[in-house]
Amino acid sequence: MRMPPMGTDAISVMEDFRRYFGHTLGWDKFALSGYPVYSCLAHTLRDRLIERWRHTQRAYDEADGKQAYYLSLEFLMGRAMGNAMLNLDMQQETAEAMRGFGVRLEDVQEQESDAGLGNGGLGRLAACFLDSCATLQLPVTGYGLRYEYGMFRQRIEGGRQVEDPDHWLRNGNPWEVERPELAVRVKFGGRTEHYTGKSGRTHTRWVDSQDVMAVPYDMPIPGYRNGTVNTLRLWKSTATEEFNLEEFNAGSYTEAVAAKNAAEHITMVLYPNDASENGKELRLRQQYFLASASLQDVINRWVAKHGEDFSQFAAKNAFQLNDTHPTCAVACLMRLLLDDYHLEWDEAWHITQETMAYTNHTLLPEALEKWSVAMFGRLLPRLLEIIYEINARFLEQVSLRWPGDVERVRRMSIIEEGGQPQVRMAYLAVVASHSVNGVAALHSQLLQQYLFRDFYEMWPRKFNNKTNGVTPRRWLAWSNPELSALIDASIGEAWRTNLAELQNLRKFADDKAFRAQWRKIKQDNKQRLAAMVQRDCGVAFDPQAMFDVQVKRIHEYKRQLLNVLHVIHLYDRIKRGDTADWTPRCVLIGGKAAPGYDMAKRIIRLVNAVAEVINQDADTKGLLQLVFLPDYRVSAMEVICPAAELSEQISTAGKEASGTGNMKFMMNGALTIGTLDGANIEIREEAGEKNFFLFGLTADQVEATRGHYDPAAIMAADEDLRRVIGLLQSHHFNLFEPGLFDPIVQSLLNPHDPWLTLADFRAYVEAQNQVAAAYRDQENWTRMSIINTATSGKFSSDRTIMDYNREVWGLAAVKPHEE
Ligand SMILES: *Cc1c(COP(=O)(O)O)cnc(C)c1O
């Protein structure tokens, strides 16, 4: 079926929009505002994507080359409309078409809710990776879950976080296509039994299971102006037909409906914890559901095309596990090959190891996933058998390599023995994968040194580093159009797909007129953010002041507290009259706390309490402001990062695996104040030490401090710190709720504080003083800002994906067919 290509000009957009508005979706012209306009424009743009999608998928099919699958419980996509227009190069045309209807395109875009199917960095990384794969024309499909409720919406009430459900699908989602014909069945519970096959061999099957259907919903992932559209396939759980019917025949209609409900619960809600949800049965159900549905989908396509010959399967397929969350995939693949296609163990294991690769995202012990063997066996009996067999064969290898070293065997076992034995998912992922990577140079090194030390000794060549990146399309071209236009005019447009090109901006750092333009754009972006702060916080930020920003999930290791201590110190200086050579600051803190993480919620309460005192004190006028910006999310970051001047990356060294917020800020010309942690180290290497404000203990020093940390001695030696802690202890910020912040003060003064906040206080204040002094020389600050953008090329996710592809996946790029 041949169709003429759809027009991307304003007239074509107007025609299609009118058709959707009047006919397909049946609104009348009196409603030319709000959601209907958004919906019709989204459908109009989607049609242009679907056309390219078809061509891309056909080209992949015909090329019959290797494909990769990115398995992730989280995809923090944000909004799709702007991304579609940017990638289709239809921004001007679409704006013009909307003007033709008397509608402002910006207002239409505001109608879209973020697709918030992730918590933070890990989920956003998956989204940036999909963008880069499409732009590099690599045949990569994302597999995830279609949560009915994404990341909760955060409101602040009386200074406290309140969570509202994120029913993002309420009005429908024009960016997805349901594919009911591709639904697959996922087993839970039941038992296993052996039987003899036709050939006389013994096989295992999983019987008496309660099955759930997985229905795929596909979202188009456009590449940058290259005709490629890849796929993000999200699974929704629904009841099976006969499951209902059985109950219905037994006369229990209500039980049947209740069972349907239970099946649909699996993909009802995203777990809102940045670290893991250890031990929760529903969470394990989600993980297995994703793994099983995705593996079946890949295998079904394989069998349809190649029959039951799996000899080329490993050469043609690669699975990347985004943290341990989808690690059930390892056992799922083994089960399908063994039970459904009757491969021998060794052949199935070879295929599994050749195709699986694992990315670790954290060293924090509370985030390392373990599942009780009892629960695992009840829910997934066949998978547990396979994991035991994997472990037995693996431990045999260990004891052959280190004869008699029973302690090592105990340490490395995938099953942690004890009163309640546990499955260690990270070890399963390492054993079953041919590649294991960390997400920044320091993190990958620490993995080899600590968490996976034994495994590194056994298989040094499995371990590698892939420093994270972010997509320059969303995080520079789209979010910062003014700066992008200036960059285009100065060095051309090639940076959009080859970010190393930004190096050519370096020479403009010494161009006074260029610097003035650079500053003017930052100023405009600050105005835009100030308007958002006014709307959402009711505080009028002074756009002349330095914009000092820390936005990220609220977690003790990220040390929002250190930031607050510094702000209180500045306030204390103002009250003491110590304001000579002052640099005015607007400090913005934002981020969500996991609903069950009391300390994180209390930190939010503290930021709001300190903000209230500071902002209403006449003495701070023109010198210092503080806000907590509610509901930090992708679409908020698109306004925040172009406006930030100082990026706070102040985690305890060794705790932040990489960070990616740091990269978005750098690209947009913010200077970083940071510790030697995660990708900060590489950011500083690229920007040069003169263009980065470094402070604090190193990861080695943090480790060496354990057991010797003495916050009382630090207090005794630091008058400023004593005054800050004194203000907290005297309930200066909580006069009507005495005691509210006592747990915070206690944790800071605790010699067992793992985050060593007070240890870095003095160094942090000194570094902030250098920041303040540097900001007063606006010409030099602008120079440093330009150099930060110019040297951010390494932090494009295009570079990260090319690294994965060269060293792990080995895919060939495929250009879509033109019709
Ligand atoms: C980039 C991003 C993150 C990750 O930020 P970090 O500072 O690396 O923790 C989290 N949430 C959102 C919405 C983001 O855009």
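Values in this document were obtained by computation on a predicted structure and should not be read as measured data. First listed ligand is number 1; within each ligand, the first listed atom is number 1.
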[X]: numbered ligand 1 atoms lying under 4.0 Å from its heavy atoms:
| X | result |
| --- | --- |
| Gly121 | 3 (C), 4 (C), 10 (C) |
| Gly659 | 8 (O) |
| Lys552 | 6 (P), 7 (O), 9 (O) |
| Gly120 | 10 (C), 11 (N) |

Closest protein heavy atom to [atom], given as residue, atom name and distance to 0.1 Å:
| atom | answer |
| --- | --- |
| atom 8 (O) of ligand 1 | Thr660 N, 2.8 Å |
| atom 3 (C) of ligand 1 | Lys664 NZ, 3.7 Å |
| atom 9 (O) of ligand 1 | Lys558 NZ, 2.8 Å |
| atom 12 (C) of ligand 1 | Tyr632 OH, 3.4 Å |
| atom 5 (O) of ligand 1 | Gly661 N, 3.7 Å |

>> Quick check with a 6.0 Å cut-off and a 45 degree axis cone: is Lys655 positioned over the face of Tyr557's six-membered ring?
In response: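 Cation-pi check for Lys655 and Tyr557: fails.
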> Does NZ or CZ of Lys526 lie under 6.0 Å from the centre of the six-membered ring of Phe541, at an angle within 45° of the ring axis?
Replying inline: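 That pair does not qualify as a cation-pi contact.
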> Stepwise, does the side-chain contact (heavy atoms from CB on, under 4.5 Å) test hold for Arg553 with Tyr597?
Replying inline: CA-CA 11 Å; Arg553 287 303 292 259; Tyr597 188 172; over 6 Å; no
Is it the case that the side chains of [Y] and [X] hold a donor-acceptor pair, with the cut-off being a distance below 3.5 Å and no angle test?
| X | Y | result |
| --- | --- | --- |
| Thr660 | Asn468 | no |
| Glu74 | Asn119 | yes |
| Gln320 | Tyr804 | no |
| Gln649 | Glu656 | no |

> Which part of Trp475 is near ligand 1, with near meaning a heavy atom under 4.0 Å away: side chain, backbone, both or neither?
Replying inline: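 Side chain only.
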> Take atom CD in Glu689; do more than 12 heavy atoms of anything else shown fall under 6.0 Å from it?
Replying inline: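 At most 12 heavy atoms, drawn from other residues, nucleotides or ligands, come within 6.0 Å of this atom.
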>> Evaluate Arg124 for polar contact with ligand 1, using N/O atom pairs at a separation under 3.5 Å.
In response: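 The answer is no, given that Arg124 and ligand 1 share no N or O pair closer than 3.5 Å.
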>> Is any side-chain heavy atom of Lys522 closer than 4.5 Å to one of Trp518?
In response: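 A side-chain contact under 4.5 Å is absent here.
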>> Check for me whether Met663 has a heavy atom closer than 4.0 Å to any atom of ligand 1.
In response: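 Judged by the 4.0 Å heavy-atom criterion, Met663 does not count as contacting ligand 1.
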> Out of curiosity, is Arg633 lining ligand 1, as in a heavy atom under 4.0 Å away?
Replying inline: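 A heavy atom of Arg633 does come that close to ligand 1.
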